[in-house]
Structures are given as C-alpha cells and as structure tokens.
2 protein chains.
Amino acid sequence: MAQAQILSKNQQIVLDIIEKAKGPLKAYSILFNVQKKGINAPQQIYRALDKLIEMGKIHKIESKNAFVACRNSNCEISKATAFSICESCEMVDEIIDVKLSKYLSSFSDKKGTKYKRFNLEFFGLCKKCK
Amino acid sequence: MAQAQILSKNQQIVLDIIEKAKGPLKAYSILFNVQKKGINAPQQIYRALDKLIEMGKIHKIESKNAFVACRNSNCEISKATAFSICESCEMVDEIIDVKLSKYLSSFSDKKGTKYKRFNLEFFGLCKKCK
DNA sequence: ATAACAAACGTTATATTATAACATTATATG
DNA sequence: CATATAATGTTATAATATAACGTTTGTTAT
Ligand SMILES: [Zn+2]
Ligand SMILES: [Zn+2]
Ligand SMILES: [Zn+2]
Ligand SMILES: [Zn+2]
C-alpha cells in the first residue's frame, strides 16, 4: 500500500481552496484568495498547482485555464480524464465512467498507435441550466 | 447545397498560414508571420481565428493554445473534435474516426445528460518519436 | 442609387495567464 | 553531521487574450 501523499504547506493551502470551491478556479483567483495566508506571488500558486496535478489531486480544465479537485480515486493520476462543462453556468463535473475510460484508454488510431493519456471535455447545458 | 464560404482578407491570410504550417501555430507566431502583409495587432489575428473556428476551418488545440487547420470535412463545424498530440515533437493530427465520433456524440452521462459538443486530446509519442 | 444595417477592419491600451531566474530555507537520507 | 533534494520567497518579464472606440467595407431593402 502506497503511503498517503504528504503535501507541503503551499500545496495544502492551494488544494484546500480548490476542494472547497463549487466550480473550477483560476490560478489568479486562487492567488487573491490566499494572500492573507502569506502567499504573494503567482509562482507559488503555479508551483503548487503543478505538483498537485502530478499527484493527481487536481486537474486542469484546458478550455478554461482553470483547476478542479479530482473526484475520482481511479483516474490513474490524470492519465484518463473526462469532464462535462456547462456552457451557461460554467459548472464542471468530472465524468467517472469505467466503460468510457476503458474505451478511450484502449483506443488506437488507424495506424495502430496507442496513446498513454487522454483528456476529454464535453460541452452542453447542465441540469440546472436546461 | 450550401454556398462555399467566402473569407475576408484577414481571415484568408490567417487561414493560408495555418494550412501551410506543418504543425500547430500560436496566435503570436501567426502575427509575426503576417506583419509584412499589414497586420499589426493581436486583435486582427484573434478576430480572424474566432471566425475561422466558427466556420470549422480551424481548431484550437486547447492544451497548447495553438491552432491547426481542419483536415476533416465531416467534423460538423467543430462539434466533435479529436486530436493526437506527440509529447516529444509537438506534432498534432486530427483523428478522423467515425466510430469514435459516433460513440462520443451519443455519449450520455449517468444522469442521462447528452452533450452538444466535445473535444478529445490524446497524448503519446508519434511514429517518428517512438 | 441610397439609406440602413451588419460585418470586418485598424489601432491603442490593458487584462489575464504563465514562466525565468536566483537566492534561501526546510526536509529527507546515509 | 554532510549532502542532496524539494519547497519556498521574491522580482521581473514573457506569452496569451480581450476591451473599447472609431472607421471602412459589404449587403439588403426600398
Ligand atoms: Zn480525477
Ligand atoms: Zn449550468
Ligand atoms: Zn476538423
Ligand atoms: Zn513526435
């Protein structure tokens, strides 16, 4: 059994904020939220974000340049990520669907090439906004 | 039969450059490439890019903030896009795979929600880099 | 043709996102 | 302890993208 990751001070601060948030957070909005805690510079945020992504604790929503906490213990350290994104309220949900994940993880293109990672973003309207 | 889109001057200039390129192009690298043609400001590039995306002539590779020409007459004006991205040489290929596209277009999540658009990015090593 | 409207353009300024570089401090390992 | 590695703090700057405003060009209807 792998030991639970121990996070550094800044990593924990950033993760806490992202986990508490209801939606995706942008790096600079995280920064403004933690200035009272002694973090003053973008670098400190981006470094924490990078490590948290590496650990699979958070994901980057590429189409929004924003970050969400991972809600899936099985997403294999961000090798297989899928999200639903509401185009109206900007809500993001991590899609946890074993069939989808297996289908895409085993996908090979016409030349037979397999890929070691994928990221899928679905866009539409969430239940609230429909 | 829909009439072929007629592009404006700036749109045509930007599209030509993206179509000629071997890989994805960034907005500012497009800008530097067209300054001899009288385009001087980022706005002019971004406006052309926006329209070209709307028309389905190009796509944005979200994980790279870069743009590629559409190689697929059937990608339904960017409602269903998939790419393979080489992590070594940065090459990008549009994946044209009817089965994959149908599978994802008809995907519905656990609450039964369907989405009207998706973008999928695969990462790995291209044939050259393997 | 011309009035009215919409789309594209040109330009200046500014906002937002992200990284470089370097010195310092904390943590782990033998 | 000695050394190496990871994390931090800080200043500066690069890269990406949009706001705002006025002008020009192209389309459509009378
Ligand atoms: Zn996850
Ligand atoms: Zn919504
Ligand atoms: Zn396409
Ligand atoms: Zn390659």
Side-chain angles (χ1 to χ4, degrees), chain A residues 2-18 21 23-68 85 87 90 92 119 121, chain B residues 2-18 21 23-68 77 85 90 92 119 121:
Chain A
Q3 185 183 339
Q5 279 281 6
I6 288 169
L7 301 179
S8 76
K9 188 191 110 216
N10 289 0
Q11 288 159 14
Q12 190 66 61
I13 290 172
V14 170
L15 179 58
D16 284 347
I17 292 198
I18 296 175
L25 290 184
K26 304 215 154 207
Y28 276 75
S29 102
I30 296 170
L31 176 57
F32 298 142
N33 270 280
V34 298
Q35 296 198 311
K36 52 188 95 169
K37 289 196 173 120
I39 296 182
N40 306 296
Q43 266 290 5
Q44 298 173 282
I45 302 298
Y46 282 104
R47 283 198 287 229
L49 290 171
D50 287 348
K51 290 295 177 183
L52 291 168
I53 288 170
E54 261 182 51
M55 294 173 197
K57 301 269 184 196
I58 64 170
H59 304 299
K60 181 173 188 181
I61 307 300
E62 296 287 358
S63 61
K64 300 174 80 66
N65 298 317
F67 304 86
V68 295
I85 300 168
E87 284 175 316
E90 316 264 280
V92 170
N119 180 55
E121 299 183 359
Chain B
Q3 186 183 339
Q5 279 282 4
I6 288 169
L7 300 180
S8 77
K9 189 191 109 215
N10 288 1
Q11 288 160 14
Q12 191 65 61
I13 291 172
V14 169
L15 180 58
D16 283 348
I17 293 198
I18 296 175
L25 290 184
K26 304 215 153 209
Y28 275 76
S29 103
I30 295 169
L31 176 57
F32 298 141
N33 270 280
V34 296
Q35 296 200 313
K36 54 188 94 166
K37 288 194 174 123
I39 298 182
N40 305 298
Q43 266 291 6
Q44 297 173 282
I45 303 299
Y46 282 104
R47 282 198 288 230
L49 290 171
D50 287 348
K51 291 294 177 183
L52 291 168
I53 288 170
E54 260 181 52
M55 295 173 196
K57 301 269 186 196
I58 64 170
H59 303 299
K60 182 172 188 182
I61 307 300
E62 295 287 357
S63 61
K64 301 175 77 69
N65 297 317
F67 303 86
V68 296
I77 310 200
I85 300 168
E90 316 264 281
V92 170
N119 180 54
E121 298 183 359

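Bear in mind the structure is a predicted one, so any value in this text is a computation, not a measurement. Any value given below was found using the heavy atoms of this structure, including those in side chains, with hydrogens, waters and symmetry copies removed. So that the names make sense, note that chain A is the first sequence line, chain B the second, and so on, each numbered from 1.
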*Counting only side-chain N and O atoms of A:Asn65, is one of them less than 4.0 Å from OP1 or OP2 of C:dA18?*
yes
Would you list the protein and nucleotides 21-29 of chain C atom pairs, both N or O, that sit under 3.5 Å from each other?
none

*Looking across every strand, which nucleic acid part, if any, lies under 4.0 Å from B:Gln44 by heavy atom: base, sugar-phosphate, or nothing?*
base
*Given atom OH of B:Tyr46 and atom P of D:dT16, what is their separation to the nearest angstrom?*
7 Å
*First locate atom CG of A:Asn33, then atom NZ of A:Lys26, and finally report the distance between them rounded to the nearest 0.5 Å.*
14.5 Å
*Please determine if a side-chain N or O atom of A:Ser8 lies less than 4.0 Å away from the OP1 or OP2 oxygen of D:dA6.*
no
*asked:* In this structure, how many angstroms lie between the P atom of D:dT8 and the NZ atom of A:Lys37, rounded?
replied: 14 Å
*Calculate the interatomic distance between A:Leu49 atom CG and D:dA7 atom P; express it in whole Å.*
14 Å
_Spacing between B:Phe67 atom CZ and D:dA15 atom P, to the nearest angstrom_ = 16 Å
*Any luck finding a side-chain donor-acceptor pair between B:Asp16 and B:Gln12 under 3.5 Å?*
yes
_Which residue lies more 5' along DNA chain C, comparing B:Asn40 with A:Pro42 via nearest heavy atoms_ = B:Asn40
_Centroid distance under 5.5 Å and plane angle under 30°, A:Tyr28 vs C:dT17_ = yes
_Test item: A:Asn119 and A:Glu62 side chains (from C-beta on) under 4.5 Å apart, heavy atoms_ = yes
*OP1 or OP2 of D:dA6 less than 4.0 angstrom from a side-chain nitrogen or oxygen of A:Lys9, does that happen here?*
no
*What's the NZ-C1' distance between A:Lys26 and C:dA15, to the nearest Å?*
11 Å
*Would you say the side chain of A:Val92 lies within less than 4.5 Å of the side chain of A:Lys64, judging by non-hydrogen atoms?*
yes
*Considering non-hydrogen atoms only, spot the tightest contact between A:Met55 and A:Leu7 and give its length.*
SD-CD2, 3.4 Å
*Starting at CD of B:Gln35 and ending at C1' of C:dT11, how long is that distance when rounded to a whole Å?*
14 Å
*asked:* Counting the atoms with a prime plus P, OP1 and OP2 as sugar-phosphate, which does B:Lys60 contact under 4.0 Å by heavy atoms, base, sugar-phosphate, or nothing?
replied: sugar-phosphate
*Contact summary for B:Ala27 and B:Ile45, nearest pair of heavy atoms*: O-CG2, 3.8 Å
*To the nearest Å, give me how far apart CG (A:Asp50) and P (C:dT19) are.*
7 Å
*Quick one: are A:Phe67 and A:Ile61 in side-chain contact, heavy atoms under 4.5 Å?*
no
*asked:* Tell me whether the side-chain N/O atoms of A:Lys51 come closer than 4.0 Å to OP1 or OP2 in D:dA6.
replied: no
*Are side-chain heavy atoms of B:Lys60 and B:Asn65 found at a separation under 4.5 Å?*
yes
_Can you tell me if A:Asn10 touches the phosphate of D:dG9, counting only side-chain N or O atoms and a distance under 4.0 Å to OP1 or OP2?_
yes
_Which nucleotide wins on minimum distance to the side chain of A:Ala41, given the candidates D:dT8, C:dT11, D:dT10?_
D:dT10
*Separation of B:Leu25 atom CG from D:dT16 atom P, in whole Å?*
12 Å
